[in-house]
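First up is the structure itself, then whatever we jot down about it.
Any value given below was found using the heavy atoms of this structure, including those in side chains, with hydrogens, waters and symmetry copies removed. A, B, ... follow the sequence lines: proteins, then strands. Residue 1 opens every chain.
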Protein chains: 2
Amino acid sequence: MNQRKISESTVRRLSLYLRLLRESGPSGTRVLSSRELAERTGSTSAQVRKDLSFFGSFGKRGRGYDVDELERTLAGILGLQQRWRVALIGVGKIGSALLGYGDLARRGFDIVAAFDIDAAKVGRHASGVNVWPLDELENVVRSHNVTIGIIATPPEAAEKTARRLADTGVAAILNFAPVKLSTPETVTVRTMDVALELEGLSFALTSERGNGAS
Amino acid sequence: MNQRKISESTVRRLSLYLRLLRESGPSGTRVLSSRELAERTGSTSAQVRKDLSFFGSFGKRGRGYDVDELERTLAGILGLQQRWRVALIGVGKIGSALLGYGDLARRGFDIVAAFDIDAAKVGRHASGVNVWPLDELENVVRSHNVTIGIIATPPEAAEKTARRLADTGVAAILNFAPVKLSTPETVTVRTMDVALELEGLSFALTSERGNGAS
DNA sequence: GGCTGTGAAGACCTTCACAGCC
DNA sequence: GGCTGTGAAGGTCTTCACAGCC
């Protein structure tokens, strides 16, 4: 496991390859070439081979990659042979959507506890997950062995929540609040921001006019 | 507006700069240096200056950037001086969350119509947006002059929905379904996938063990 | 013949470092 | 003195192209 620095884009693509392999599951093809993998994930064949080559040689020359084997290998690389225990902070609109989103559990991420500052939201959520008062965060996160936190609080509360999660020993945070979190380097943070993505689209549409849009 | 190829990361950072400028609004500082902009968005001062230099010279040497002026300039570059008319397809968990998410309107994106295949969801949504039967998509998208579509359907329906949006003349799609969309090149697509981000975190946590994690 | 694995080349992005201006 | 704007250097990521194997 002595691996060099793997880029974020490579990891993203590995996830896409894995998703494809899982979909072409039992009834799918037994072997896929780098070209097929590329076409169906929006990459190139050389890119696929390069991505995989950082971790070893998993293909068979002249044939391609064995679907089952590559699936297991990729799951291993991505750390998805284990299940991850996740805490959700903030049971508002986004939080509730996440609680009801079965794809997360299907892909190895169990939301084992949720928190909200609003007493009315405390109790058992429709999804079956328990919603705790925010005060209980440290206790419950520790007792449930949570390693990943999801921040779905209002932006004003995000920074403080991040600090509390970090102090409680959570190793990674997925942040839905449109703010920059200042966490210790030991915590890996990734932010998802719908408005930011829309702004990216806005830019693309705006600058198209400049060039001769076909 | 004869601009060269601007990278996606540059555009993302421009959005972050703009967000910061807007937050440090009326009561904020009148001038910000590239160093300040960088520190508060998680970038570097050279990066900030380079990003801006693709579009012109907006700073004052020895002083920095005028907040109001740079805010206007960035909004112009990103195409945010106009408002964007957005259609949402799929009023499930994610779709509802988006309808209730005021930040989108605040940042220039108005969801002017929503669609769902389920007759029970048709009618006026709590957010005030009208939910139409899916059959009406082409009519309503055209009559409302929609330019951006958000796909929040189940994965199986995403591809077909994308094609319909593309055929109806929508210029950009924000896709929440975990599938690769095959749309004509005239349509800009961006996909947001929570599980994919979590898998990125999973990888980071897993590969840390390999190195000597401090 | 077909396809992988991979050095080398090329494209792209970031950082450096400093001239130029306030 | 302080800060911008920017060529040049350095680094990273992608694509090419082909040797090696099935």
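With hydrogens and angles disregarded, no donor-acceptor distance shorter than 3.5 Å links the side chain of S202(B) to the backbone of L198(B). In this structure, the side chain of E39(A) does not engage the main chain of E36(A) through any donor-acceptor pair within 3.5 Å. Under a 3.5 Å cut-off, the side chain of S96(B) and the backbone N or O of G92(B) do form a donor-acceptor pair. No donor-acceptor pair under 3.5 Å is formed between the side chain of S15(B) and the backbone N or O of E199(A).
Residue order along DNA chain D, read from the 5' end via each residue's closest nucleotide, puts R35(B) first among R13(A) and R35(B).
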**Report entry** Strand DNA chain C in bracket notation, Watson-Crick/G-U under 3.5 Å with | for pairs to another chain
**Finding:** ||||||||||||||||||||||

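With sequence neighbours left out, S34(B) forms a side chain to side chain donor-acceptor pair (under 3.5 Å) with R49(B). Not counting sequence neighbours, the partners of E138(A) by the side-chain contact (heavy atoms from CB on, under 4.5 Å) test are R142(A), R164(A), T168(A). D103(B) pairs by the side-chain contact (heavy atoms from CB on, under 4.5 Å) definition with P178(A), A195(A), Y101(B), R106(B), R107(B), not counting sequence neighbours. Residues satisfying the side-chain contact (heavy atoms from CB on, under 4.5 Å) test with T41(B), not counting sequence neighbours, are L16(B), Y17(B), L20(B), S43(B).
Near DNA chain C, meaning a heavy atom under 4.0 Å away, the residues from residues 42-49 of chain A are R49(A).
Within the structure, every pair that satisfies the salt bridge (charged side-chain N to carboxylate O under 4.0 Å, His left out) test and touches residues 143-163 of chain B, not counting sequence neighbours, is listed here: E159(B)-R163(B). Counting only residues at least two apart or on different chains, the salt bridge (charged side-chain N to carboxylate O under 4.0 Å, His left out) pairs with a member in residues 79-100 of chain B are R83(B)-D110(B). Within the structure, no pair that satisfies the salt bridge (charged side-chain N to carboxylate O under 4.0 Å, His left out) test touches residues 168-186 of chain B, not counting sequence neighbours.
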I'd like a list of close polar pairs between nucleotides 8-12 of chain D and the protein, N/O only, cut-off under 3.5 Å.
none

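dT14(D) atom P lies 12 Å from atom CD of E8(B), rounded to whole Å.
Between chain A and DNA chain C, the heavy-atom contact criterion of under 4.0 Å yields a 5' to 3' nucleotide range of dG2(C) to dA8(C).
For the residue pair W84(B) and T147(B), no side-chain donor N or O sits within less than 3.5 Å of a side-chain acceptor on the partner.
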Under 3.5 Å donor-acceptor pairs involving side-chain atoms of residues 53-64 of chain A, not counting sequence neighbours:
from	atom 1	to	atom 2	distance (Å)
S53(A)	OG	K50(A)	O	2.8

